[in-house]
Amino acid sequence: MDPQYQPQRIEREAQAHWDATGAFRAVEDPSRPKYYCLSMFPYPSGKLHMGHVRNYTIGDVLTRYYRMRGCNVLQPMGWDAFGLPAENAAIANSQPPAKWTYENIAYMKRQLQSLGFALDWDRELATCDPKYYRWNQWLFLRMLEKGIVYKKTGVVNWDPVDQTVLANEQVIDGRGWRTGALVEKREIPMYYMRITDYAEELLAALDTLPGWPERVKLMQANWIGKSYGVNFAFPYELDGERREMRVFTTRADTIMGVTFCAVAAEHPLAEAAAKRDPKVAAFVAECKRGSVMEADLATIEKAGVPTGIFVTHPLTGERIEVWVGNYVLMGYGEGAVMAVPAHDERDFAFAKKYGLPIKPVIDVGGKPFSTDAWQAWYADYGVCVNSGKYDGLDYAEATDAIAADLHQLGKGDKQVQWRLRDWGISRQRYWGTPIPIVHCDACGDVPVPDADLPVVLPEDCVPDGSGNPLAKRADFVNCKCPRCGKPARRETDTMDTFVDSSWYYSRYCCADNARSMVDERVAHWMPVDQYIGGIEHAILHLLYSRFWTKVMRDLGLMAADEPFTNLLTQGMVLNEIFYRKSANGRITYYNPADVEVRTDDAGKRAGAILKADGQPVESDGIGTMSKSKNNGVDPQALIEQYGADTARFFIIFTSPPEQSLEWSDAGVEGSHRFLKRLWTFCHAYRDAIAGTVPRVMKGEHLPAGWERTHPRLAAARREVHEVLGQVNYDMNRFQFNTVASGAMKILNALAARTSVSDDSVALAAWQWVLAEGTGILLRVLAPITPHVAHALWREIGYGADILHAPWPEPDPHALEQDEITLVVQVNGKRRGEIRVPKDADATAIEQLVLANEAVRRYTEGKAIKKVVVVPGRLVNVVV
RNA sequence: GCCCGGAUGGCGAAACUGGUAGACGCAAGGGACUUAAAAUCCCUAGCCCGCAAGGGCGUGCAGGUUCAAAUCCUGCUCCGGGCACCA
């Protein structure tokens with residue numbers, strides 16, 4: 001056994017052993033419980049960053065833990081390989097995205113392998129591989145047949161200079177990131193998936209997911225956004241024609257307080273008004289500038305313009321003016337809203353700005369109302385006033401009565417409204433799955449026949465940032481109509497990359513099947529037992545995956561209702577973001593490793609400079625490590641300097657998995673030092689315990705009563721088993737940082753509390769406690785630092801392979817104590833402690849405490865009001 | 001703006017259901033070993049007052065409930081994630 005800890009050698013040997021034995025190849029085996037452990041697959045951005053290391057280490061800890069618990073574990077890996085960064089890299093380097101992507105995959109795969117993850121590489125997949133994305137196309141066609149896919153127009157960001165559609169990320173302060181041109185909204189035809197058909201089930205089924213974090217379920221529920229209200233019509237006349245403007249409201253009880261209405265710029269009423277009034281036309285045009293992002297729309301200054309069109313209030317018959325409002329969203333509800341300034345904060349602000357009337361119609365427990373300033377309670381539920389026949393009704397009564405009256409008039413009804421919108425999947429981009437449609441002048445939009453799948457994406461394109469590269473490829477575009485055989489044009493839009501990631505988990509079960517999307521092995525492995533990934537995916541990716549699973553189920557492809565039984569949302573790994581903005585508004589991000597933060601004489605921060613040129617750079621705060629913000633930290637240096645086990649231990653030890661983590665490598669030394677100590681410790685005692693190890697592993701015990709003759713050894717053993725109990729608790733609640741601490745505590749207990757005297761009984765007990773404790777320690781460490789655990793397990797002779805060792809359980813006998821320590825408080829302040837027999841009752845404890853000298857100093861001359869005894873913990877004397 | 005989280009020593013954090021705040025580490029200071037350094041080992045340490053014994057304060061801020069609050073409630077501040085074309 002090497003006296004020095006040599007991680008590089010140990011890790012090479014352990015990995016070679018796992019490779020040679022095919023240790024992580026998962027085979028369907030009905031005789032053992034299956035455990036499908038999946039971490040979100042990475043985008044091949046170039047190098048791993050710390051977020052990846054954290055994600056995959058967490059997944060690997062669970063994988064190895066469940067293996068030791070006796071499960072047949074599948075942990076696969078693949079590549080979310082289509083996407084925008086590859087096109088950006090292509091523009092920067094004049095290289096096809098395919099070449100860049102495959103090179104990145106090769107490099108990152110080596111990095112993952114060097115970290116020793118227990119992955120079944122036989123099931124590896126990449127979404128940019130036609131063998132994968134043909135099934136995107138195949139399922140798209142099935143969904144088209146079922147009416148789940150349909151075509152309609154949608155709004156996109158348009159860069160008028162590059163003549164290209166921009167992603168939201170590429171719009172910075174309303175301008176194109178490369179050209180600096182003001183971005184415009186543009187309506188184009190796109191394909192949509194009817195996720196709203198599944199809204200009810202996606203919401204209700206959240207209750208069937210006890211293994212999901214509450215916060216994620218809450219976010220999804222709010223996103224789906226089921227609300228109950230009333231949908232009704234305001235009739236109006238335009239150009240001699242009778243029309244209706246429909247609105248939805250959750251506050252029908254305030255309908256008598258409507259003083260105006262507002263419509264979105266894209267609403268037909270706004271468009272009609274724009275034709276008659278140049279001021280309206282100018283405002284509508286103004287609204288069409290800027291990005292389509294909701295965060296932008298929600299934070300812009302509320303503005304509007306009157307259309308000069310009046311509608312009739314369906315209950316009062318009043319004339320109500322319609323305004324165009326830049327805050328009304330066409331995508332939600334009817335694209336038109338009734339405005340009740342007295343009871344809605346946005347309407348209030350709008351009414352104040354344009355001098356519109358404000359009419360209070362709800363009394364909230366008599367709280368005062370003033371049109372001077374908005375108060376939070378104006379929006380509370382209350383009782384109708386100023387509302388004619390509805391006066392005195394509460395929210396539910398008024399809503400019922402008003403809905404009934406509207407129904408009677410044929411003007412409206414109660415309605416369930418969803419916030420969720422259908423999923424637009426068309427992207428005017430090159431590096432994605434081609435949408436399998438052919439456009440024929442005679443036949444229209446014709447689906448590509450299954451026999452012609454996949455529609456293969458040419459891999460030699462080099463995008464230049466303008467237009468749509470696929471549209472420029474005559475060899476791709478020009479084709480024959482599958483229906484009539486005449487010349488036709490292939491669809492050049494590709495699919496949203498969320499399509500790729502919505503079902504990859506089921507493809508891992510049967511990645512080698514060339515004839516069908518999925519097969520019977522999906523029934524064996526699905527659903528995923530444990531899914532691990534960043535909290536940033538709490539809504540979109542997870543919701544799309546849930547939707548896709550239900551679609552596959554309804555098409556008879558999969559039995560599971562839900563894809564992921566348990567979900568662990570890992571906190572983001574954050575790092576500071578540095579950038580410079582050029583004259584035309586173009587932003588360049590700089591990696592923190594290339595930036596030096598300056599401090600003044602007082603040690604205060606005084607800006608930052610780029611090391612390369614000494615010129616200042618701006619800080620954009622801290623944010624999640626990403627390619628686009630160039631603030632990732634490459635783990636390679638860490639792995640090379642300290643080894644994979646140190647990197648894994650450190651990332652686990654430094655923070656609980658669900659908590660976001662501001663990256664700092666301060667403390668890596670401590671993790672490395674611990675592994676060195678572990679090695680030195682095992683090396684020092686190996687010979688002493690080697691003979692005892694097989695007896696411990698066979699389950700033999702020391703002679704009864706040894707604890708009384710060797711109290712120090714018994715205390716050490718008790719601590720090992722106490723910590724083990726805590727470790728097991730923490731393992732099951734995913735608090736791996738305290739599992740790592742627990743390993744350190746076990747080593748401390750074994751190293752510090754055990755010493756041996758000359759007599760042979762003590763020697764035997766010492767060897768026994770050490771042999772048992774070290775065996776526990778190595779198994780606790782095996783999921784976190786598998787290489788060193790593997791090497792030491794073999795070196796000391798515990799067994800051939802720690803992968804197959806059973807997970808340890810604490811011995812209840814080791815935890816027994818005759819006396820326990822209670823904390824004594826007087827008036828809630830800690831004033832001492834007291835030793836009591838473990839089974840002392842409350843009365844006995846109370847007497848002991850009141851007789852205690854330390855307590856008497858504080859109770860002397862005071863009346864004792866009460867004594868609170870918390871069993872096993874403390875006693876509080878109230879005076 | 002809306003939805004969801006978070007804030008505890010100089011730093012990362014721990015404290016399971018309201019019951020000893022700061023486990024386990026990092027950095028720091030002191031010491032041992034060494035010609036010296038590295039490595040390793042031992043000791044100290046929340047903050048303030050005090051030689052000490054001891055006392056006071058303390059979990060982002062302001063209140064509240066309780067014998068007892070990091071933990072529960074109300075109102076804020078700041079930070080992070082998401083907002084449908086980054087993935």
Side-chain angles (χ1 to χ4, degrees), chain A residues 40 42-43 45 80 82-85 88 154 156-157 165-171 213-216 218-223 225 292-300 302 327 331 345-346 419-429 496-498 501 534-541 543-544 569 571-572 574 621-624 626-629 650 653-656 658-662 664 666-671 673-674 676-677 680 726 729-730 733 735 737-738 740-745 748 821-825 827-830 833 865-868 870 872-878:
Chain A
M40 290 180 186
Y43 179 79
S45 56
D80 188 13
F82 273 138
L84 197 55
N88 296 339
V156 294
N157 302 305
V165 175
L166 296 178
N168 284 339
E169 190 188 55
Q170 297 171 311
V171 180
E214 285 304 321
R215 60 166 163 164
V216 174
L218 194 55
M219 279 191 265
Q220 292 220 347
N222 289 340
W223 183 264
V292 300
M293 276 180 274
E294 194 192 312
D296 288 345
L297 290 170
T299 48
I300 48 168
K302 310 282 172 287
Y327 64 97
E345 189 169 4
R346 276 186 320 184
R419 207 189 75 96
L420 184 68
R421 307 200 295 261
D422 277 339
W423 173 16
I425 60 142
S426 295
R427 297 291 179 271
Q428 299 68 46
R429 265 182 257 302
D496 181 1
T497 55
F498 274 125
S501 56
I535 184 66
E536 77 275 23
H537 294 294
I539 296 172
L540 293 179
H541 162 62
L543 193 64
Y544 292 145
T569 45
M572 302 282 77
L574 311 174
I622 53 171
T624 169
S626 73
K627 180 88 183 167
S628 61
K629 297 287 168 72
F650 175 66
F653 176 69
T654 198
S655 193
E658 305 211 75
Q659 192 162 306
S660 59
L661 165 64
E662 213 171 314
S664 158
V668 173
E669 284 288 348
S671 296
R673 201 174 294 152
F674 166 67
K676 276 196 288 191
R677 266 183 74 210
T680 314
Q726 187 65 49
Y729 181 82
D730 289 342
R733 63 170 177 157
Q735 193 170 288
N737 56 322
T738 47
S741 298
M744 287 172 152
K745 286 176 184 176
N748 288 347
T821 305
L822 293 182
V823 164
V824 179
Q825 296 181 327
N827 281 350
K829 285 205 192 301
R830 191 197 155 133
E833 46 187 52
K865 280 199 213 154
K866 195 178 184 180
V867 179
V868 182
V870 183
R873 290 215 173 251
L874 59 65
V875 181
N876 189 13
V877 181
V878 187

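No experiment lies behind these values; they were computed from the predicted model shown. So you know, we letter chains A, B, ... as the sequences are listed, proteins then strands, and number each from 1. Side chains included, hydrogens not; waters and symmetry mates left out as well; all remaining heavy atoms used.
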Q.
Quick one, A:Thr738 with A:Gln726, criterion side chain to side chain donor-acceptor pair (under 3.5 Å). Give me CA distance, side-chain angles, the key distance, then yes/no.
A. CA-CA 9 Å; A:Thr738 47; A:Gln726 187 65 49; 5.8 Å; no
Q: Applying salt bridge (charged side-chain N to carboxylate O under 4.0 Å, His left out), name anything that partners A:Asp730, two or more places apart in sequence or on another chain.
A: A:Arg733
(Q) Using the salt bridge (charged side-chain N to carboxylate O under 4.0 Å, His left out) criterion, which residues pair with A:Glu833? Sequence neighbours excluded. (A)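 If we apply the salt bridge (charged side-chain N to carboxylate O under 4.0 Å, His left out) test to A:Glu833, skipping adjacent residues, the hits are A:Arg830.
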Considering non-hydrogen atoms only, spot the tightest contact between [X] and [Y] and give its length.
{"X": "A:Thr624", "Y": "A:Met572", "value": "OG1-SD, 3.6 Å"}
{"X": "A:Arg419", "Y": "A:Asn222", "value": "NE-O, 3.5 Å"}
{"X": "A:Gln170", "Y": "A:Val165", "value": "OE1-O, 4.4 Å"}
{"X": "A:Met744", "Y": "A:Phe653", "value": "SD-CE1, 3.8 Å"}

According to the Watson-Crick and G-U wobble definitions, with both distances under 3.5 Å, which nucleotide is paired to [N]?
{"N": "B:G46", "result": "B:C57"}
{"N": "B:C2", "result": "B:G82"}
{"N": "B:U77", "result": "B:A7"}
{"N": "B:A87", "result": "none"}
{"N": "B:C72", "result": "B:G64"}
{"N": "B:C41", "result": "B:G31"}

Set out, line by line, the N/O atom pairs under 3.5 Å between protein and nucleotides 65-72 of chain B.
residue: B:C67; atom: O2'; partner: A:Asn876; partner atom: ND2; Å: 3.4
residue: B:C67; atom: O2; partner: A:Asn876; partner atom: ND2; Å: 2.7

(Q) Anti or syn, where syn is a glycosidic angle within 90° of 0; which label fits B:G75? (A) anti
Check: protein-nucleotides 41-50 of chain B nitrogen or oxygen pairs below 3.5 Å:
none

Q: Between A:Lys745 and A:Ser426, name the one whose nearest nucleotide on RNA chain B is closer to the 5' end.
A: A:Lys745
When the distance from [atom1] of [X] to [atom2] of [N] is rounded to whole Å, what number comes out?
{"X": "A:Asn737", "N": "B:A23", "atom1": "CG", "atom2": "C1'", "result": "12 Å"}
{"X": "A:Lys629", "N": "B:A87", "atom1": "NZ", "atom2": "C1'", "result": "13 Å"}
{"X": "A:Lys676", "N": "B:A39", "atom1": "NZ", "atom2": "P", "result": "8 Å"}
{"X": "A:Gln170", "N": "B:A87", "atom1": "CD", "atom2": "C1'", "result": "13 Å"}
{"X": "A:Arg419", "N": "B:C83", "atom1": "CZ", "atom2": "P", "result": "11 Å"}
{"X": "A:Asp730", "N": "B:A23", "atom1": "CG", "atom2": "P", "result": "16 Å"}
{"X": "A:Glu669", "N": "B:A38", "atom1": "CD", "atom2": "P", "result": "13 Å"}
{"X": "A:His537", "N": "B:A87", "atom1": "NE2", "atom2": "C1'", "result": "5 Å"}

Please classify the nucleic acid contact of [X] as base, sugar-phosphate, or nothing, using heavy-atom distances under 4.0 Å.
{"X": "A:Leu420", "result": "base"}
{"X": "A:Gly534", "result": "nothing"}
{"X": "A:Phe674", "result": "nothing"}
{"X": "A:Tyr729", "result": "base"}
{"X": "A:Arg873", "result": "sugar-phosphate"}
{"X": "A:Val668", "result": "nothing"}
{"X": "A:Val165", "result": "base"}

Of all residues at least two apart in sequence or in a different chain, which pass the side chain to side chain donor-acceptor pair (under 3.5 Å) check with [X]?
{"X": "A:Thr569", "result": "A:Glu658"}
{"X": "A:Thr821", "result": "A:Arg835"}
{"X": "A:Asp422", "result": "A:Tyr150, A:Thr196"}
{"X": "A:Gln220", "result": "A:Arg546"}

Which nucleotide in [options] has an atom nearest any side-chain atom of [X]:
{"X": "A:Arg830", "options": "B:A23, B:A84, B:U20", "result": "B:U20"}
{"X": "A:Glu536", "options": "B:G19, B:G81, B:A14", "result": "B:G81"}
{"X": "A:Leu540", "options": "B:G81, B:C86, B:A84", "result": "B:A84"}
{"X": "A:Ile535", "options": "B:A14, B:A84, B:G81", "result": "B:G81"}

Q | 4.5 Å side-chain heavy-atom contact, A:Leu661 and A:Ser655 | A |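 A:Leu661 vs A:Ser655: side chains touch.
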**Q.** Sub-4.5 Å side-chain heavy-atom contact between A:Asn168 and A:Val292
**A.** yes
For nucleotides 1-5 of chain B, print each protein N/O atom paired with a nucleotide N/O atom at under 3.5 Å, atom names and distance only.
residue: B:C3; atom: O3'; partner: A:Asn222; partner atom: ND2; Å: 2.8
residue: B:C3; atom: O2'; partner: A:Asn222; partner atom: ND2; Å: 2.8
residue: B:G5; atom: O2'; partner: A:Arg215; partner atom: NH1; Å: 3.3

Listing time: all N or O pairs from protein to nucleotides 10-12 of chain B that are below 3.5 Å?
residue: B:G12; atom: O2'; partner: A:Thr654; partner atom: O; Å: 2.3
residue: B:G12; atom: O2'; partner: A:Thr654; partner atom: OG1; Å: 2.8

Could you write out each protein N or O paired with an N or O of nucleotides 55-64 of chain B at a distance under 3.5 Å?
residue: B:G55; atom: OP1; partner: A:Tyr858; partner atom: OH; Å: 2.3

Show each protein N/O and nucleotides 32-34 of chain B N/O combination with a separation under 3.5 Å, one pair to a line.
none

